[in-house]
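Notes for the one structure printed next.
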Amino acid sequence: LSRVRSALAPLPQRAALPDWEAELIRLRTTRTTTAADASAPADLWPLLTERLRAVNGLAFSTLADLVAYLVEQNCLHGYCDPTLYPKVRDAFPSTFTVETTFDRARHDDYKFGLTLAAGAIAETGTLILSDNTSSSRLGALAPWVHIAAISLADIHPDISAAIAAFPKDPNLIWVTGPPKTADVEGILIEGVHGPGLQAALLLA
């Protein structure tokens with residue numbers, strides 16, 4: 001990667017993102033307004049929660065719910081984004097070991113990873129991860145349980161809205177549920193190329 005960076009460094013500017021026409025994208029109508037006021041933006045968290053569950057993911061509205069789940073699953077050792085940790089530290093009891101630096105040599109020690117998401121798509125139950133917002137890519141990929149912390153403002157109603165809000169980041173990952181494969185004898189297996197559980201945590 002250092003050779004790639006060196007080759008790109010002299011360029012005056014990077015190539016522009018490709019043009020796309022939003023009207024070409026056709027999706028089911030997303031619930032984007034509240035029942036009381038058709039002009040008001042909807043709270044997209046309930047829809048994201050519903051669609052996450054549809055793709056075998058989970059959504060946690062509070063830190064207490066997340067911690068209770070981790071205790072139930074005996075996931076007591078994990079990684080947390082260092083910028084996020086001060087906000088969540090008090091929610092973890094002393095039985096937890098939470099590290100803010102991911103040690104590549106001990107990747108099997110981490111049962112969960114808590115990182116910041118760049119966004120989410122309510123319509124598809126998709127979490128958007130990026131290098132700009134993730135302190136450690138391995139922290140999001142190596143543990144069996146990955147939780148992406150998301151704020152309401154970063155939840156997009158559908159794919160076209162998410163594309164329109166793309167950050168200037170060369171590496172964006174759209175995660176819709178745990179990774180799946182059915183290459184071996186047509187048997188669907190989840191979690192073979194990454195976390196077995198993808199979850200979202202709503203940031204207050």
Side-chain angles (χ1 to χ4, degrees), residues 1 5 44-45 48-49 51-53 55-122 124-156 162 165-179 190-191 193-204:
L1 289 178
R5 295 188 188 98
L44 293 171
W45 178 251
L48 178 62
T49 297
R51 298 297 163 82
L52 266 171
R53 289 174 178 161
V55 294
N56 292 340
L58 288 177
F60 299 99
S61 299
T62 68
L63 273 167
D65 290 342
L66 170 61
V67 171
Y69 174 82
L70 293 175
V71 170
E72 179 184 323
Q73 299 299 314
N74 198 32
C75 295
L76 305 180
H77 187 170
Y79 166 83
C80 181
D81 184 300
T83 61
L84 181 61
Y85 187 58
K87 302 176 184 177
V88 303
R89 173 174 32 211
D90 293 342
F92 289 99
S94 59
T95 50
F96 277 79
T97 300
V98 182
E99 301 180 30
T100 55
T101 300
F102 194 95
D103 186 347
R104 299 172 66 95
R106 296 186 296 104
H107 58 84
D108 284 338
D109 290 350
Y110 302 94
K111 305 306 179 186
F112 69 89
L114 176 55
T115 68
L116 288 167
I121 305 173
T124 56
T126 299
L127 302 173
I128 303 174
L129 310 180
S130 75
D131 280 350
N132 284 345
T133 56
S134 293
S135 56
S136 171
R137 190 182 300 181
L138 271 180
L141 295 177
W144 182 252
V145 177
H146 172 240
I147 310 103
I150 185 79
S151 63
L152 282 177
D154 293 323
I155 302 177
H156 308 290
F166 265 179
K168 291 185 177 179
D169 190 316
N171 184 28
L172 289 175
I173 303 173
W174 287 19
V175 181
T176 307
E190 294 185 340
H193 303 303
L197 175 73
Q198 291 284 355
L201 169 65
L202 181 63
L203 290 177

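All values below were derived from every heavy atom in this structure, side-chain atoms included, with hydrogens, water molecules and symmetry-related copies excluded.
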Item to check | Aromatic contact, His77 with Tyr110 (centres under 6.0 Å) | outcome: yes
Checklist outcome for this item: Rounded to the nearest 0.5 Å, the CG atom of Asp109 sits from the OG1 atom of Thr97 at a distance of 10.0 Å
Next on the checklist: Contact between Ile128 and Asp154 at the side-chain level, heavy atoms closer than 4.5 Å - yes or no?
Outcome noted: no
Next on the checklist: I need the minimum non-hydrogen distance between Leu129 and Ala140, along with the two atoms involved.
Outcome noted: CD1-CB, 4.2 Å
Checklist entry - To the nearest 0.5 Å, how far apart are CZ in Phe112 and CD in Gln73? => result 12.5 Å
Item to check | Minimal non-hydrogen separation, Arg137 against Asn171, with atom names | outcome: NH2-ND2, 2.9 Å
Next on the checklist: A side-chain contact here means heavy atoms from C-beta on lying under 4.5 Å apart; do Gln198 and Leu127 qualify?
Outcome noted: yes
Item to check | Minimum heavy-atom distance Thr100-Pro82, with the two atoms named | outcome: O-CD, 3.7 Å
Checklist entry - Is the closest side-chain heavy-atom distance between Leu114 and Tyr85 below 4.5 Å? => result no
Next on the checklist: Once rounded to the nearest 0.5 Å, what's the spacing between atom CZ of Arg53 and atom CG of Leu48?
Outcome noted: 10.5 Å
Item to check | Any side-chain heavy-atom pair of Thr126 and Val55 under 4.5 Å | outcome: no
Checklist entry - Side chains of Leu141 and His146: closer than 4.5 Å at any heavy-atom pair? => result no
Next on the checklist: With heavy-atom distances below 4.5 Å as the criterion, would you say the side chains of Leu76 and Lys111 are in contact?
Outcome noted: no
Checklist entry - Using the ring of each side chain (for Trp, its six-membered ring), is Phe166 parallel, tilted or perpendicular to Trp174, with breaks at 30° and 60°? => result perpendicular
Item to check | Nearest-0.5 Å distance, CZ of residue Phe92 to CG of residue Leu66 | outcome: 5.5 Å
Checklist outcome for this item: Of all heavy-atom pairs linking Pro93 and Val67, the shortest is CD-CG1, 3.9 Å
Checklist entry - If we only count heavy atoms from C-beta on, is the Ser61 to Trp45 side-chain gap below 4.5 Å? => result yes
Next on the checklist: Please report the interatomic distance CG(Leu44) to OG1(Thr49), rounded to the nearest 0.5 Å.
Outcome noted: 10.5 Å
Item to check | Heavy-atom pair of closest approach, residues Leu197 and Tyr69 | outcome: CD2-OH, 3.2 Å
Item to check | For the student: nearest non-hydrogen atoms of Ala200 and Ile150, plus distance | outcome: CB-CG2, 4.4 Å
Item to check | From Leu202 atom CG to Leu63 atom CG, the distance as rounded to the nearest 0.5 Å | outcome: 10.0 Å
Checklist entry - Side chains of Tyr79 and Ser136: closer than 4.5 Å at any heavy-atom pair? => result yes
